[in-house]
Structures are given as C-alpha cells and as structure tokens.
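Here's the structure, in structure tokens; my notes come after.
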Amino acid sequence: MGDVREFDVVIWGASGFTGRLVAEYYLAQYGASGELRWAMAGRNEAKLKAVQKEIGAEGVPLILADSHDRASLDAMVARTRTILTTVGPYAQYGDELLAACVAGRAHYCDLSGEPNWMRRTIDQHHEAARDNGVCIVHCCGFDSIPSDMGVYYLQQQAKAKKGEFCKHIKYRLIGMSGGFSGGTLASLDGTMAEAKADPDVRRMLLHPYGLNPRDAMDGPDGRDQQSVVYDEDAGQWTSPFIMALINTRVVRRSNALADFAYGKDFRYDESVLTGDGIAGRAKGMAAALSVGVLMLDPKKSLLRRTIDKFLPDPGEGPSREKREAGFFAIRLIGLFADGTKMEAKVKGDRDPGYGSTSKMLGESAVCLALDGDKLPGPCGVLTPSTAMGEALLERLQQNAGLRFELG
Ligand SMILES: NC(=O)c1ccc[n+]([C@@H]2O[C@H](COP(=O)([O-])OP(=O)(O)OC[C@H]3O[C@@H](n4cnc5c(N)ncnc54)[C@H](OP(=O)(O)O)[C@@H]3O)[C@@H](O)[C@H]2O)c1
C-alpha cells in the first residue's frame, strides 16, 4: 500500500474484551506514540475513553465508527493502512467494514471463525480486493494461525532439508490451557444456527474444501474426524478437534491459492492427542463427548443450556492470571511420499483464545501495514500464510511468544 495515511493500524472493537487486549499488547510492545502509528476505534466514545484510561493509553487517538453507519466506516478506513477488527460475530457486523476496506484500499484482518461468512466474503470480494491491492485476512487468531503457519513452517523445512514437500500433515493437539472464549462459542452457535436453517450453508460447512476457489473444491480429504481413532504415526489415541472445522479449510485454501504448491493430492487433518492404552482411549471418548455437547443447539438442548452456565458469555474471558499461566502445544506430523516422517511443534506462551490470539492478531495487522515489500502477494481474500508468509513467521516468533521448531 503506497499511499501515506495517518495510521498504520486501527483497532476497531477496542472497547471489547479482545480488542482491549490487542491495545494493551500494542502499548507494551510499541508504545503509544512510537514507530507504530495506531488508534483505537469503536462505536461508543465513553466506553473507548474508559478503556483508554484503564490501560493507560491516553496518548492513543480514538475514532468513532458504527457498523450500521457506512460513512463512519469509510472515514475510518481512509485514515489507515490496515484495519484490525474484533467486532463480531462477523456475519452480523462485518459486511460493511469489509466492503469499505476493499473500496478504500486498506488491508484487513480479523478473528473470524465463521466459515459460512468467509465463503461469502471470498465470493464477493476476492477479485476486487486483488485488483485494488488489498489483503483481506480472516482467522488471525488461535484459529487458524498455528495450523496455517505451522504447515507453512513444516513444508519450508521439508523442502529445505529433504527437497520435497510432505504429502500429508497431521495436526495433533498435545494440550492447551486457559479456557474457551465466549466470543468463539457465540460465533460457533451462530454458524450452527445458519447451517440448520439453510441446506446450502450446511453443505458448505461439511465440505472439506469449502473455502477453496470455486473451481478447485476437490481433493483427497474427507470429513473431519468424528470419533476416537488410534493414530499409529502419533502412537496415541486421538479425539475430534472442534476447530478442525475451520482450520483444515484454511490450510487447504492456502494450498489452493499457492497453485497447489504441496500438490493436488496433499492431505491435512486435525485431532487431539489423548494418550495411549485404555486410559488414552477413555480420555478420547470423554473428549469426543464434550465436542458433541458443544455442537448441540443451545436453544433446544437442556444439557447444553446447563453446561453454558459454566461457559463464558461473549465479552467475557479468562483473567490476566489465567491468560498468563495458559499455553498451547501442537505436534505436526509430516509424511513424505516414501513413507518417511518429519515432525514439528508449535507452541504458544499464553492461553490460546485471548492471550496468544491478541498477540497473533496484533502482529498480523502490523505485518500487513509495515512489511509490504516482504509480503508474498498478490492480494485478495487470503489466508495468514498466503498473505504474509515468512514475514509473519518472523514476527510471531520475535514478538508474539510463538515457537515453531522441528522435532
Ligand atoms: N478465533 C479466536 O481465536 C477468537 C478469540 C476471541 C474472540 N474471537 C472473536 O472476536 C470477536 C470479539 O470477541 P470479544 O470476546 O472481544 O467480544 P466483545 O467483548 O463482545 O467485543 C465486541 C466489540 O464489538 C463492538 N461492537 C458491537 N456492535 C458494534 C457495532 N454495531 N458497531 C461497532 N462496534 C460494535 C463492541 O462495542 P461496545 O463496547 O460499544 O459494545 C465491542 O467493542 C468475536 O466474533 C469472537 O468470536 C475469536
């Protein structure tokens, strides 16, 4: 983006739980008036001012913009190189902002975990965004940066060390701690409700290549894992992973956007490691059951309503202590055509849903705003790895507490 704008990044949604965490991260990492020129935005001035005061960001400019007021969105977009948005659910609040970014030539990143909405934004905006030199990047949090950038990392290592890409990569969650995000649950519920009401949405949601370009929606992968399965390569039992629904589609879109660099026969799947022996299998069955409960309709299921009482609402999340004590660890098992393996680990130093997510999203926006000459290009509705590649990998490791390592 060659034009000179007042800001590098505007955080829209800075009065919310996650937006505030990104603002706190920028304050700590970049300062209020340092090299990064950033602003906090939202619809409610009093709330924004209160957050500004609470986190000690008095020197940071404020911008008012409401999702129902397109003129206010256009005016905000015109002032910045990149918009970072935490105003969700995105299917509800995101359309006008996204259109404003494409028209107003500002890059965009979000935390959408809403595949049906992302399908719509791809269909509506991919070509115009590409023509306008605008990168639209969904899924810049725990879903789906560790998956997408982890596969990117392992494939670069495979190419460098063995001279070829892995034909199959398995994402196996070793563990995570820090609690579920209320916002993510709200988005999941919204996605499920849309899928129930509309068979096309349901088909898209179940389609393993549902986010690929329309003319490249086939490949060897089938449905996400539904039951407890023993994985010989991992040497453990595995259970379904709720975020596979979005992460696997993002990774497959990355391969398709890169002209199938890993091959049209590249396979990718995700699940959770639950240990070996009878105990590992039993743990897997319990985990599978809890995923099933989360998929239940919160309006119709008594069990889900009862469990919801113990889960966070949108806008709620773990305390600072819980975030700082949190972590995630993922094992990526890469299989080559000759049957040999290469493994990598992806680790985060905060809870996945908020502490790590806010740093991943924050660094994605800075990368889009400041690393222009290092971005792979061309633009469009992209994925984290196809939009930012090596530049993001570097930032995540240097600043965001993520580790990508072989072994
Ligand atoms: N993928 C991940 O890993 C992950 C993790 C965390 C969150 N998320 C997603 O991030 C989003 C935000 O989550 P959160 O927990 O931070 O939610 P939140 O605390 O409820 O914050 C929502 C923000 O949106 C603003 N907003 C609502 N309606 C608006 C409108 N009409 N115009 C402008 N701003 C409006 C709110 O402003 P007011 O303060 O004025 O109400 C608030 O700043 C959700 O979609 C969630 O799914 C994803």
Side-chain angles (χ1 to χ4, degrees), residues 10-25 40-52 54-55 62-73 75-77 83-98 100 109-118 137-148 176 178-192 241-247 249-250 311-318 323 326 328 348 350-362 364 383-384 400 402:
V10 168
I11 305 169
W12 190 49
S15 58
F17 196 91
T18 319
R20 173 197 175 115
L21 291 182
V22 179
E24 286 186 76
Y25 171 66
M40 294 161 60
R43 61 177 169 174
N44 182 321
E45 189 173 12
K47 271 193 179 176
L48 278 175
K49 280 192 167 153
V51 171
Q52 195 186 33
E54 277 165 35
I55 67 173
L62 301 182
I63 299 175
L64 287 179
D66 192 301
S67 73
H68 305 298
D69 176 0
R70 175 64 188 262
S72 71
L73 298 175
M76 173 174 71
V77 164
I83 292 278
L84 172 166
T85 168
T86 56
V87 176
Y90 295 92
Q92 201 174 335
Y93 300 119
D95 285 324
E96 289 292 323
L97 176 71
L98 215 137
C109 56
D110 71 20
L111 293 177
S112 164
E114 300 161 48
N116 38 342
W117 181 66
M118 285 153 54
V137 194
H138 301 299
C139 301
C140 292
F142 183 59
D143 45 324
S144 304
I145 280 190
S147 309
D148 194 40
M176 63 181 200
F180 237 108
S181 120
T184 302
L185 281 177
S187 298
L188 181 71
D189 288 343
T191 299
M192 290 305 163
F241 184 39
I242 198 160
M243 287 180 172
L245 183 73
I246 177 72
N247 292 339
R249 278 56 166 178
V250 171
L311 294 173
D313 286 327
E316 286 180 4
R323 291 195 307 270
F328 64 84
R350 294 281 186 277
D351 75 294
Y354 287 106
S356 269
T357 281
S358 55
K359 295 197 281 184
M360 289 187 248
L361 178 64
S364 300
T383 57
L402 261 68

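As the structure lists them, so they are numbered: ligands from 1, and atoms in each ligand from 1.
- Set against the non-hydrogen atoms of Phe142, the atoms of ligand 1 under 4.0 Å away are 3 (O).
- Under the 4.5 Å side-chain criterion, counting only non-hydrogen atoms from C-beta, Arg20 is not in contact with Ser15.
- Remark: among candidates Gly88, Ser72, Gly19, the nearest residue to atom 44 (C) of ligand 1 is Gly88, based on non-hydrogen atoms.
- In summary, the atoms of ligand 1 found under 4.0 Å from a heavy atom of Asp66, numbered by their order in the structure, are 31 (N), 32 (N).
- Residue-level proximity to ligand 1 for Thr357 is carried by the side chain, the only part with a heavy atom below 4.0 angstrom.
- To the nearest 0.5 Å, atoms CD (Glu45) and CD (Gln52) are separated by 9.5 Å.
- Set against the non-hydrogen atoms of Tyr90, the atoms of ligand 1 under 4.0 Å away are 10 (O), 45 (O).
- Distances from atom 22 (C) of ligand 1 to the heavy atoms of Asp110, Thr86, Leu64 show the closest one on Thr86.
- Ile246 approaches Ser144 most closely through the heavy-atom pair CG1-OG, 4.0 Å.
- The side-chain heavy atoms of Ser364 and Ile145, taken from C-beta on, include a pair separated by under 4.5 Å.
- The closest side-chain heavy-atom distance from Met76 to Leu97 is below 4.5 Å.
- Atoms CG and CZ, on Leu402 and Phe328 in that order, are 4.0 Å from each other to the nearest 0.5 Å.
- Short contacts between ligand 1 and Asn44, defined as distances under 4.0 Å to a heavy atom of the residue, involve ligand atoms 40 (O).
- Under a 4.0 Å heavy-atom criterion, Gly42 is not in contact with ligand 1.
- Short contacts between ligand 1 and Thr18, defined as distances under 4.0 Å to a heavy atom of the residue, involve ligand atoms 6 (C), 7 (C), 13 (O), 14 (P), 15 (O), 16 (O).
- Here is the list of ligand 1 atoms found below 4.0 Å of a heavy atom in His68: 31 (N).
- Counting heavy atoms only, Ser15 comes closest to atom 39 (O) of ligand 1 of the residues Ser15, Gly13, Gly141.
- With contacts defined as side-chain heavy-atom distances shorter than 4.5 Å, the pair Leu84/Val22 qualifies.
- Within the structure, ligand 1 has Ala65 among the residues with a heavy atom less than 4.0 angstrom away.
- Of the candidates Leu111, Leu361, Ile145, the one placing a heavy atom closest to atom 8 (N) of ligand 1 is Leu111.
- Looking at Thr85 and Tyr90, their side chains come closer than 4.5 Å, going by heavy atoms from C-beta outward.
- Close approach of ligand 1 to Trp12 (heavy-atom distance below 4.0 Å) involves ligand atoms 32 (N), 33 (C).
- Counting atoms of ligand 1 from 1 in the listed order, those under 4.0 Å from a heavy atom of Ser67 are 30 (C), 31 (N), 32 (N), 33 (C).
- Counting heavy atoms from C-beta on, the side chains of Cys139 and Leu111 never come closer than 4.5 Å.
- Residue-to-ligand polar distances keep Pro352 apart from ligand 1: every N/O pair is separated by 3.5 Å or more.
- Listed for the Ser112 side chain is no donor-acceptor partner under 3.5 Å among the backbone atoms of His138.
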